[in-house]
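One structure below.
Please read all numbers here as calculations on a predicted model, not as lab measurements. Throughout, a chain's letter reflects where its sequence line sits, starting with A, and its residues are numbered from 1.
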2 protein chains.
Amino acid sequence: MDSGVKKPGVTSSQVAEHAGVSQSAVSRTFTPGASISSKTRQKVLASAKTLGYRPNAIARSLITNRSRIIAVVMAYLENLFYPDVLEELGRALAAENYHLLLFTGFMDRDSDPVFDQLMQYRVDGIILASTSLSSELSEECATAGIPVVLFNRTTGRDAVSSVTTRNREGGKRIAEFLVAGGHKSFGYIAGLENSSTNRDRFQGYSEGLAAHGHTSIAVETGNYSRIDAQDAARRMFARPNRPDALFVANDHMAVAVMDVARYEFGLQIPDDISIVGYDDVGPATWTSYGITSMSQPVKRMVEATVDILMDQIASGEIEAEHRILNGELIVRTSARLPATGIVVRDGQQIYRPKEA
Amino acid sequence: MDSGVKKPGVTSSQVAEHAGVSQSAVSRTFTPGASISSKTRQKVLASAKTLGYRPNAIARSLITNRSRIIAVVMAYLENLFYPDVLEELGRALAAENYHLLLFTGFMDRDSDPVFDQLMQYRVDGIILASTSLSSELSEECATAGIPVVLFNRTTGRDAVSSVTTRNREGGKRIAEFLVAGGHKSFGYIAGLENSSTNRDRFQGYSEGLAAHGHTSIAVETGNYSRIDAQDAARRMFARPNRPDALFVANDHMAVAVMDVARYEFGLQIPDDISIVGYDDVGPATWTSYGITSMSQPVKRMVEATVDILMDQIASGEIEAEHRILNGELIVRTSARLPATGIVVRDGQQIYRPKEA
DNA sequence: TACAAATTTGCATACGTATGCAAGATGATT
DNA sequence: AATCATCTTGCATACGTATGCAAATTTGTA
């Protein structure tokens with residue numbers, strides 16, 4: 001039964017009075033690197049403890065023009081890859097004493113309200129980890145002078161920083177792997193059609209196949225969504241000339257595709273059809289699926305992202321920077337094995353054809 | 001190649017000057033319900049648009065003592081139930097014009113730093129959706145006068161609000177379902193041992209079984225973690241008297257348990273063993289698993305949570321409130337079916353024994 | 001038209017902190 | 001002991017907005 005009023009909150013002035021020093025002294029006590037003698041510092045800390053004082057981050061932000069808040073925009077969390085990323089981001093940002101303001105669940109082109117919110121909170125940086133978000137948003141932010149990093153995505157004009165993996169090379173390696181496995185007909189379940197990851201992966205895939213004389217690819221679109229992927233799979237498997245090798249643009253869709261293959265079409269994997277995914281995340285690693293998949297190194301991607309942001313915040317320079325990391329083709333049970341090229345590293349089977 | 005300085009940011013005074021009015025007028029234009037004529041309002045809005053002005057939420061917070069930020073604390077996102085909750089929370093809070101500050105990835109008892117951060121940002125409310133978080137934290141926040149809601153969790157002393165489902169009744173219904181299915185020996189894969197959900201689910205389960213004369217339950221602990229659940233399953237299935245009915249405390253563990261059962265022990269589900277889970281989330285619904293599971297109505301739980309917070313913020317009264325919602329036992333393929341009691345609602349099979 | 005009531009406006013101040021500047025305290029060097 | 005360099009400290013002010021109060025304006029009424 002508390003009073004109906006709002007919490008009062010102890011201020012630095014109150015601490016100052018209690019400790020018999022100036023408000024400045026209190027401020028300096030809680031400002032790393034400020035000029036303060038250890039004697040008064042101790043006095044202040046003691047008073048602060050007894051009064052239960054904590055610096056008001058809001059007021060601090062107002063004067064320093066730094067909120068120590070990073071906005072993270074993610075269209076959806078249904079794909080476990082993103083929760084994974086989110087958790088790592090939380091860790092990495094906390095380590096830098098930054099905090100994470102999450103925006104999610106609005107995958108329409110109607111990005112303006114989000115942008116408004118971002119601007120209103122004067123966030124110090126923005127991470128766009130959404131494959132389906134208007135790329136105007138990123139430009140808008142950059143124009144406003146706020147560091148932006150595209151996570152797992154790029155835009156055509158590279159005015160804004162990004163962190164990605166070699167999606168094209170990944171698609172190519174998958175093609176080589178499937179060709180080496182002796183497959184003859186190939187399919188592709190696409191992600192969001194206007195996303196850079198989808199474009200790059202498919203480009204690499206088709207280039208890789210073309211290099212071995214395979215120029216025809218059966219394509220259906222799953223939009224990186226489970227439901228759409230199921231429908232795409234149904235169309236794919238109902239084709240008269242069903243492919244015997246299938247690259248699904250991410251693992252999230254791949255598990256849905258595998259369920260359709262097994263339980264709706266009675267297909268044996270990998271005997272009747274080989275399936276390869278992308279991300280190496282969550283269910284892909286479970287025994288039921290065991291998806292052969294190009295990995296994306298989440299931890300290193302997150303490190304790079306935070307690194308770029310911290311750099312730009314510290315320097316004030318917003319020069320676009322592009323970090324491109326390597327993945328590996330993790331070999332499991334969802335696709336037929338080629339005769340050679342599989343090596344073991346860190347207890348995992350990976351595909352590494354000798355490049356010559 | 002921008003200048004090295006920080007973004008300037010348009011202020012209300014600049015807008016005021018441009019529009020030929022006072023700063024107060026600008027403020028009132030952006031304050032719903034404030035006293036302002038529509039004529040000056042239009043002038044201000046026009047100037048604001050041309051200058052690209054957006055109210056500074058930080059400065060506003062300082063004076064109103066309201067940050068419009070809700071802190072969400074989640075220990076881990078590995079279990080898809082939580083990303084699901086997170087996405088709904090994002091939606092619900094955005095609808096109320098609140099924002100979501102996410103804290104995650106620190107499941108140690110070392111909660112003090114988190115608490116510090118929360119306090120420093122003067123968040124308007126806190127949602128603790130973490131099963132493994134020190135319950136002291138919640139009391140601390142309540143003491144500080146900040147509304148707190150425990151999500152999917154309670155503490156012994158009900159000084160702090162909570163939103164849960166009827167876990168005990170859920171456990172009981174699962175017991176009845178398995179007994180009605182003709183099972184004779186029963187097991188339980190436990191969640192975190194000191195969590196309220198685990199305690200309540202197990203209590204209901206054992207009460208329900210006891211009511212039919214089954215007093216011995218094989219228990220192993222999976223700590224709501226995938227890895228631990230696998231180990232627990234191995235121990236469980238290696239027992240000489242392996243149970244033929246198994247209640248796994250949540251779906252996240254249940255899928256791991258099913259994989260162990262099928263691929264390490266060669267068990268047929270549900271012929272050799274029936275498995276029932278809890279949450280009705282993610283993989284549980286996939287064909288590969290098809291877990292019979294007690295549902296938790298995420299959407300309604302989130303609504304209740306936000307509702308409680310908004311009430312307490314608006315009124316300033318922090319009277320603990322406990323919302324307890326109902327779930328249903330969704331029947332799929334992971335457990336043997338009882339002869340009666342299964343009804344169809346909304347296209348789903350659920351178990352509803354006639355209570356008499 | 002005159003006057004009261006209601007509405008709108010600007011002034012001034014407050015929110016809680018950080019920081020440049022000058023004054024004061026301390027220590028080092030001869 | 002005297003001079004100078006180095007630290008500490010407090011004062012005053014600024015950050016960008018909201019709001020009580022009184023003055024100014026508009027609206028309504030007789």
Side-chain angles (χ1 to χ4, degrees), chain A residues 5-45 47-48 51-69 97 116 119-124 144, chain B residues 5-45 47-48 51-69 116 119-124:
Chain A
V5 301
K6 183 95 174 157
K7 59 212 146 143
V10 184
T11 76
S12 58
S13 306
Q14 294 174 21
V15 175
E17 190 179 16
H18 184 275
V21 297
S22 73
Q23 181 266 329
S24 312
V26 178
S27 171
R28 286 193 246 264
T29 297
F30 290 93
T31 305
S35 171
I36 186 100
S37 75
S38 72
K39 201 175 62 176
T40 57
R41 184 186 162 76
Q42 297 310 325
K43 269 198 299 186
V44 170
L45 285 177
S47 296
L51 295 184
Y53 168 76
R54 292 168 214 276
N56 185 329
I58 300 289
R60 175 181 300 202
S61 298
L62 185 56
I63 188 105
T64 59
N65 211 18
R66 294 258 137 97
S67 60
R68 299 203 81 83
I69 292 179
N97 231 307
D116 259 25
M119 294 302 294
Q120 288 191 207
Y121 276 95
R122 302 297 197 266
V123 297
D124 289 344
Chain B
V5 301
K6 182 92 182 169
K7 61 212 142 141
V10 184
T11 75
S12 58
S13 306
Q14 294 174 22
V15 176
E17 190 179 17
H18 184 275
V21 297
S22 72
Q23 179 266 329
S24 312
V26 178
S27 170
R28 287 192 247 263
T29 297
F30 290 94
T31 304
S35 172
I36 186 102
S37 75
S38 71
K39 199 176 62 177
T40 57
R41 183 186 164 77
Q42 298 310 325
K43 270 199 298 186
V44 170
L45 285 177
S47 296
L51 295 184
Y53 168 77
R54 293 167 212 276
N56 184 328
I58 300 288
R60 175 181 301 204
S61 297
L62 185 57
I63 188 108
T64 59
N65 210 17
R66 293 257 138 98
S67 59
R68 299 201 81 83
I69 292 179
D116 260 25
M119 294 304 294
Q120 288 188 210
Y121 275 95
R122 304 296 198 264
V123 297
D124 289 344

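- If Tyr53(B) and Arg28(B) are placed on DNA chain D by their nearest nucleotide, the residue sitting closer to the 5' end is Tyr53(B).
- Mapping Thr31(A) and Lys39(A) onto DNA chain C by nearest heavy atom places Thr31(A) closer to the 5' end of the strand.
- Atom CD1 of Ile58(B) and atom P of dG16(D) are 12 Å apart (whole Å).
- One interatomic measurement links the two molecules: CG of Asn65(B) to P of dG16(D), which rounds to 20 Å at whole-angstrom precision.
- Distance, Gln14(B) CD to dC15(D) P: 10 Å, rounded to whole Å.
- Taking 3.5 Å as the limit, the base of dC11(D) and the side chain of Ser24(A) contain a donor-acceptor pair of atoms between them.
- Per the geometry, CE belonging to Met119(B) stands 15 Å off C1' belonging to dG16(C), to the nearest Å.
- Between Thr11(A) and dG16(C) there is no side-chain N or O to OP1 or OP2 distance below 4.0 Å.
- Of the two residues contacting DNA chain C, namely Gly20(B) and Ile63(B), the nearest-nucleotide position lying further toward the 5' end is that of Gly20(B).
- To the nearest 0.5 Å, the span separating CG on Asn56(B) from OG1 on Thr11(B) amounts to 9.5 Å.
- Considering only side-chain atoms of Thr64(B), the nucleotide from dA18(D), dG16(C), dG10(C) that sits closest is dA18(D).
- A close approach under 4.0 Å does occur between a side-chain nitrogen or oxygen of Ser12(B) and OP1 or OP2 of dT17(D).
- For the pair Ser37(B) and dT9(C), the criterion of a side-chain N or O lying under 4.0 Å from OP1 or OP2 is met.
- Rounded to an integer number of Å, the gap from Arg68(A) CZ to dA18(C) P is 12 Å.
- Residue contacts shown for Ser61(B) are absent, as no nucleic acid heavy atom lies under 4.0 Å away.
- Using a 4.5 Å heavy-atom threshold, the side chains of Thr40(B) and Ile36(B) count as touching.
- Between dA18(C) and Ser27(A), a contact under 4.0 Å exists linking OP1 or OP2 to a side-chain N or O.
- Atom OH in Tyr121(A) sits about 14 Å away from atom C1' in dT17(D), given to the nearest Å.
- Tyr53(A) has its side chain within reach of Ser12(A): a pair of non-hydrogen atoms, C-beta onward, lies under 4.5 Å apart.
- In this structure, Gln23(A) atom CD and dC15(D) atom C1' are separated by 13 Å, rounded to whole Å.
- Checked by atom type, the side-chain pair Ser24(A)/Ser27(A) shows no donor-acceptor distance below 3.5 Å.
- One can place CG of Leu62(A) at 8 Å from C1' of dT17(D), the figure rounded to the nearest angstrom.
- When side chains are defined from C-beta on, Arg122(B) does not count as touching Ser61(B), because their heavy atoms never get closer than 4.5 Å.
- At the heavy-atom level, Val26(B) lies nowhere under 4.0 Å from the strands shown.
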Test side-chain contact (heavy atoms from CB on, under 4.5 Å) on Ile69(A) and Asp124(A) and set out the steps. CA-CA 6 Å; Ile69(A) 292 179; Asp124(A) 289 344; over 6 Å; no

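- Of the candidates dT19(D), dT17(C), dT9(D), dT17(C) carries the atom nearest the Ala59(A) side chain, counting heavy atoms from C-beta on.
- Applying the 3.5 Å distance criterion, the base of dG16(D) shares no donor-acceptor pair with the side chain of Arg122(A).
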